[in-house]
Asks: 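Next up is a structure, given as structure tokens.
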Protein chains: 2
Amino acid sequence: MIKMSKLTEYAFMVIMALKKSDLPASADYLASVTGLETPTVSKILKLLKKAGLLESKRGSSGGYFLVKRKHEISLNDVIVAIEGGMSLTECAEDDSACHLTQSCYMSAGMKKVNQVILNALQSVTVSDILDEKKKITLQIKP
Amino acid sequence: MIKMSKLTEYAFMVIMALKKSDLPASADYLASVTGLETPTVSKILKLLKKAGLLESKRGSSGGYFLVKRKHEISLNDVIVAIEGGMSLTECAEDDSACHLTQSCYMSAGMKKVNQVILNALQSVTVSDILDEKKKITLQIKP
DNA sequence: CTAAATAGTACTTATTCAGTACCAATTTAA
DNA sequence: TTAAATTGGTACTGAATAAGTACTATTTAG
Ligand code: SF4
Ligand code: SF4
């Protein structure tokens, strides 16, 4: 089964529990809210910060806070932050990842399919996932 | 990185090397054509057969052959055959897989996104991947 | 019968994932 | 100024999955 990692799923829970420009939330607090273990939450927060999705403040009464609103954060942003993105084949992401790229007869096709999926992931935001009213439809045009 | 397994990628190579209603091709022959190891090819063929994508004939001058044409086999068919499919979250595939499904606030949203990706995978066939002329585009409608 | 080929199972190894632990650096607040 | 709170970073462990290998039984053509 191709699926996102648990850590990525947890990352969504953490983002849901955060707010932009609010008082910083500590890893401990977020852990209690989400029901996850503190070290796990901490690991996620570090990854999200490295990706620029949130900022932190050290020291007493410090913590983490979003730098974007939830509708400005795409599903793809989170996946990239936690596990480096999504691409069906190695070459779709990085041409030098597979030495067969030049000669492979399916590399080009896979890249296209991958782009379709990428578009889908980029078009959906964190707040969309909570929004029952937004309809998400797809059309493949020949 | 979320990606398909190597075995799935190899499965495409094997399917490319097969033809419908042709003389059965042995695992050994397919291995030499694709450059993969025979046991690996054999494993793939068994999985593809179990999924109904091809049939086999035992004994001398036996082998495997497709029961569908390449434009009738979707990308999703292959992914399902080899690794059981693709779904971002556990619940998107099977409601009983995660005990949080009933209460989870993102389960519904994830299912929608998953459906978009699934549509993409079902809309592309094995022959499309080789067809440079087919344009694959996506539109998300709000 | 014999050779060729699939069918099925079971095993080993490598890699990735998930979770845990520890301590240094920083900042607030008393 | 001191102590407590909190991030930052690294490193480790165990579990799960993936990838590859090996072996043997069964079936069929000639
Ligand atoms: S070039 Fe071909 S074999 Fe290599 S990663 Fe891309 S699709 Fe796979
Ligand atoms: S119900 Fe929620 S927590 Fe469970 S698999 Fe689905 S999205 Fe993840």
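Each chain gets a letter, A, B and so on, in the order the sequences are listed, and its residues count up from 1. Bear in mind that the values here come from a model prediction, so they are computed numbers and not experimental data.
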Asks: For side chain to side chain contact (heavy atoms under 4.5 Å, CB included), just list the numbers for A:Leu45 and A:Lys49, CA-CA rounded to whole Å, side-chain angles, deciding distance to a tenth of an Å, and then say yes or no.
Replies: CA-CA 6 Å; A:Leu45 290 166; A:Lys49 183 186 175 180; over 6 Å; no
Asks: Let me spell it out: for each of A:Lys43 and B:Ser26, pick the nucleotide of DNA chain C with the closest heavy atom. Which residue's pick is nearer the 5' end?
Replies: B:Ser26
Asks: Check the distance between D:dA18's C1' and A:Ile2's CD1 and give it to me in whole angstrom.
Replies: 13 Å
Asks: Ignoring hydrogens and geometry, is there a side-chain-to-backbone donor-acceptor pair from B:Asn114 to B:Leu88 under 3.5 Å?
Replies: yes
Asks: Does a donor on one side chain and an acceptor on the other come within less than 3.5 Å for A:Lys111 and A:Ser107?
Replies: no
Asks: Please report the distance, rounded to the nearest Å, between CG in A:Leu23 and P in D:dT6.
Replies: 12 Å
Asks: Rounded to whole angstrom units, what separation is found between the CG atom of B:Leu7 and the P atom of D:dA18?
Replies: 10 Å
Asks: For A:Lys49, report the nucleic acid contact type (base, sugar-phosphate, nothing); a contact means any heavy atom under 4.0 Å.
Replies: sugar-phosphate
Asks: Is the closest side-chain heavy-atom distance between A:Met106 and A:Thr89 below 4.5 Å?
Replies: no
Asks: Regarding B:Leu45, tell me which of base, sugar-phosphate or nothing describes its non-hydrogen contacts under 4.0 Å with the strands shown.
Replies: nothing
Asks: Does a nitrogen or oxygen in the side chain of B:Thr40 sit under 4.0 Å from OP1 or OP2 of D:dA19?
Replies: no
Asks: Can you tell if the side chain of A:Glu83 reaches within under 4.5 Å of the side chain of A:Leu7, non-hydrogen atoms only?
Replies: no
Asks: Within this structure, what is the CZ-to-P distance between A:Arg58 and D:dA3, rounded to whole angstrom?
Replies: 21 Å
Asks: For A:Lys57 and D:dT7, what is the distance between atoms NZ and C1' respectively, to the nearest whole Å?
Replies: 13 Å
Asks: B:Ala17 and B:Leu30: which non-hydrogen atoms are nearest, and at how many Å?
Replies: CB-CD2, 3.9 Å
Asks: Rounded at 0.5 Å granularity, tell me how far OH in B:Tyr10 sits from CD1 in B:Ile15.
Replies: 15.5 Å
Asks: Look at all strands and tell whether B:Tyr10 reaches a base, only sugar-phosphate, or nothing, counting heavy atoms closer than 4.0 Å.
Replies: sugar-phosphate
Asks: How long is the line joining CG of B:Leu47 and P of D:dG20, in whole Å?
Replies: 14 Å
Asks: What is the distance, rounded to the nearest whole Å, between atom NZ of A:Lys46 and atom C1' of D:dT10?
Replies: 10 Å
Asks: Can you give me the first and the last nucleotide of DNA chain C (5' to 3') that has an atom within less than 4.0 angstrom of a non-hydrogen atom in chain B?
Replies: C:dA4 to C:dG8
Asks: Establish, with yes or no, whether the OP1 or OP2 oxygen of D:dA5 is under 4.0 angstrom from a side-chain nitrogen or oxygen of A:Tyr29.
Replies: no
Asks: For A:Lys3, which contact category applies under a 4.0 Å heavy-atom criterion: base, sugar-phosphate, or nothing?
Replies: nothing
Asks: Between B:Ser61 and D:dT28, is there a contact of a side-chain N or O with OP1 or OP2 at under 4.0 Å?
Replies: no
Asks: Starting at CZ of A:Phe65 and ending at P of D:dT7, how long is that distance when rounded to a whole Å?
Replies: 12 Å
